[in-house]
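Read the structure below first, then the notes.
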2 protein chains.
Amino acid sequence: MASAKTEEFTQEDQDLAAFAKALSHPARIAILKILAKENACICGKIVDVLPLAQSTVSQHLKELKQAGLIDGTVDGPKSCYCINRKAFEKFNTIFHTLFTSLQTENNNTCC
Amino acid sequence: MASAKTEEFTQEDQDLAAFAKALSHPARIAILKILAKENACICGKIVDVLPLAQSTVSQHLKELKQAGLIDGTVDGPKSCYCINRKAFEKFNTIFHTLFTSLQTENNNTCC
DNA sequence: TTGCTATATCGTACAAAAACGATAAATCAA
DNA sequence: TTGATTTATCGTTTTTGTACGATATAGCAA
């Protein structure tokens with residue numbers, strides 16, 4: 001992305017964008033839903049469900065983890081992942097605030 | 001993104017991902033906030049505020065429009081943009097549902 | 001008409017993302 | 001120990017995204 005000028009924006013805008021970027025691929029949305037449906041960490045299984053190679057799924061998991069949306073622990077030869085609920089609580093609030101302001105502050109009748 | 005296998009996922013996951021992708025750059029977040037602060041459509045001005053070239057801003061506006069997040073009309077030699085509030089109402093609901101389920105369905109104590 | 005202003009589009013360059021196969025690493029089972 | 005299993009990482013290829021300057025387009029003002 002050509003020397004992305006990300007750092008020139010406010011920290012909040014960068015955080016929101018980074019969070020949105022983590023959600024910007026259907027595979028990652030699907031992964032989050034799978035993790036949410038289980039009442040425990042998932043070791044494996046995700047690869048079986050998605051139409052992607054194992055290495056690609058592993059890559060998506062890594063991105064979600066780096067974005068802080070999921071936690072992961074190593075359990076023997078397996079790895080376990082689960083939703084980081086605190087992160088979603090935080091962004092749920094931030095996004096709701098953003099969306100609400102985008103909806104209500106604007107009373108224009110044009111366009 | 002190497003022949004992106006987007007079409008292999010559910011429509012809902014694709015829609016959520018597409019919406020998130022539109023929000024995945026701080027410049028686009030900033031643009032939406034600017035539009036929200038005004039009570040009318042904005043003709044120009046956005047370029048003056050952002051640390052980006054005019055052509056780059058125009059490109060971001062195009063992406064937001066294609067994603068349905070903003071509306072735009074041509075007003076003489078100028079163009080006017082404003083928030084598409086209906087789109088945000090829709091995604092606010094969808095995202096809130098998603099986030100809530102991600103937070104509450106998961107009662108695990110691991111990780 | 002001529003020029004000015006504002007915006008969109010084009011062409012281009014480079015960075016990053018997405019995907020895969022192959023391989024490495026680590027544990028468990030036999 | 002040996003082999004099987006599971007996941008992460010590496011290397012590579014292709015596609016997208018980001019950014020810019022230059023140019024085109026279109027209306028307005030003089």
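We name chains A, B, ... by the order of the sequence lines, and we start the count at 1 in each one. All values reported here derive from a predicted model rather than from experimental measurement.
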Open item on the list: Taking the ring centre of each residue, are A:Phe19 and B:Phe95 less than 6.0 Å apart?
Closed with: no

Open item on the list: Quick check for you: to the nearest 0.5 Å, what is the distance between A:Lys65 atom NZ and A:Asp71 atom CG?
Closed with: 8.0 Å

- [ ] Ignoring backbone atoms, establish whether A:Ser79 has a side-chain N or O less than 4.0 Å from OP1 or OP2 of D:dT6.
- [x] no

Open item on the list: Has A:Ser58 got a side-chain atom pairing as donor or acceptor with A:Ser55's backbone, closer than 3.5 angstrom?
Closed with: no

Open item on the list: Holding to salt bridge (Lys or Arg N to Asp or Glu O under 4.0 Å), I want the full list of residues that pass it with A:Glu8, two or more places apart in sequence or in another chain.
Closed with: none

Open item on the list: Nearest whole Å is fine: how far is C:dT5 C1' from B:Asp48 CG?
Closed with: 13 Å

Task: Atom-to-atom span, CD of A:Gln59 to P of D:dC10 - whole angstrom - done: 11 Å

- [ ] Quickly work out the A:His60 NE2 to C:dA17 P distance and round it to whole Å.
- [x] 12 Å

Task: A:Lys21 vs C:dA17: side-chain N/O to OP1/OP2 distance below 4.0 Å - done: yes

- [ ] Would you mind telling me which residue lines up with the more 5' stretch of DNA chain C, A:Ser24 or B:Val47, judged by nearest nucleotide?
- [x] B:Val47

- [ ] Report which part of the nucleic acid A:Leu61 touches: base, sugar-phosphate, or nothing (heavy-atom distance under 4.0 Å, all strands).
- [x] nothing

Open item on the list: Rounded to whole Å, how long is the line connecting atom NZ of A:Lys62 with atom C1' of C:dA18?
Closed with: 14 Å

Task: Nearest-0.5 Å distance, OH of residue A:Tyr81 to CG of residue A:Leu32 - done: 12.5 Å

- [ ] Check the distance between D:dA4's C1' and A:Lys78's NZ and give it to me in whole angstrom.
- [x] 13 Å

- [ ] Name the residue closer to the 5' end of DNA chain D, choosing between A:Gly44 and A:Phe9 according to the nucleotide with the nearest heavy atom.
- [x] A:Gly44

Task: Out of C:dT7, D:dA19, C:dC20, whichever nucleotide has its closest atom nearest the side chain of B:Tyr81 - done: C:dT7

Open item on the list: Side chain of A:His25, heavy atoms from C-beta onward: which of C:dA19, D:dG17, C:dT9 has the nearest atom to it?
Closed with: C:dA19

TODO: Using whole Å, report how far CD1 of B:Ile42 lies from C1' of C:dA6.
DONE: 15 Å

Open item on the list: Is it the case that the side chain of A:Gln14 and the backbone of A:Phe9 share a donor-acceptor pair, with hydrogens and angles ignored and the cut-off at 3.5 Å?
Closed with: yes

Open item on the list: Treating primed atoms plus P, OP1 and OP2 as sugar-phosphate and everything else as base, which nucleotides of nucleotides 21-27 of chain D get B, S or - for protein heavy atoms under 4.0 Å?
Closed with: BB----S

Task: Nucleotide C:dA8, atom P - distance to CD1 of B:Ile70 in whole Å - done: 9 Å

Open item on the list: For A:Gly68, is there any backbone N or O sitting under 3.5 Å from a side-chain donor or acceptor partner on A:Asn84?
Closed with: yes

Task: Interatomic distance, B:Lys45 NZ vs C:dT7 P [rounded to whole Å] - done: 11 Å

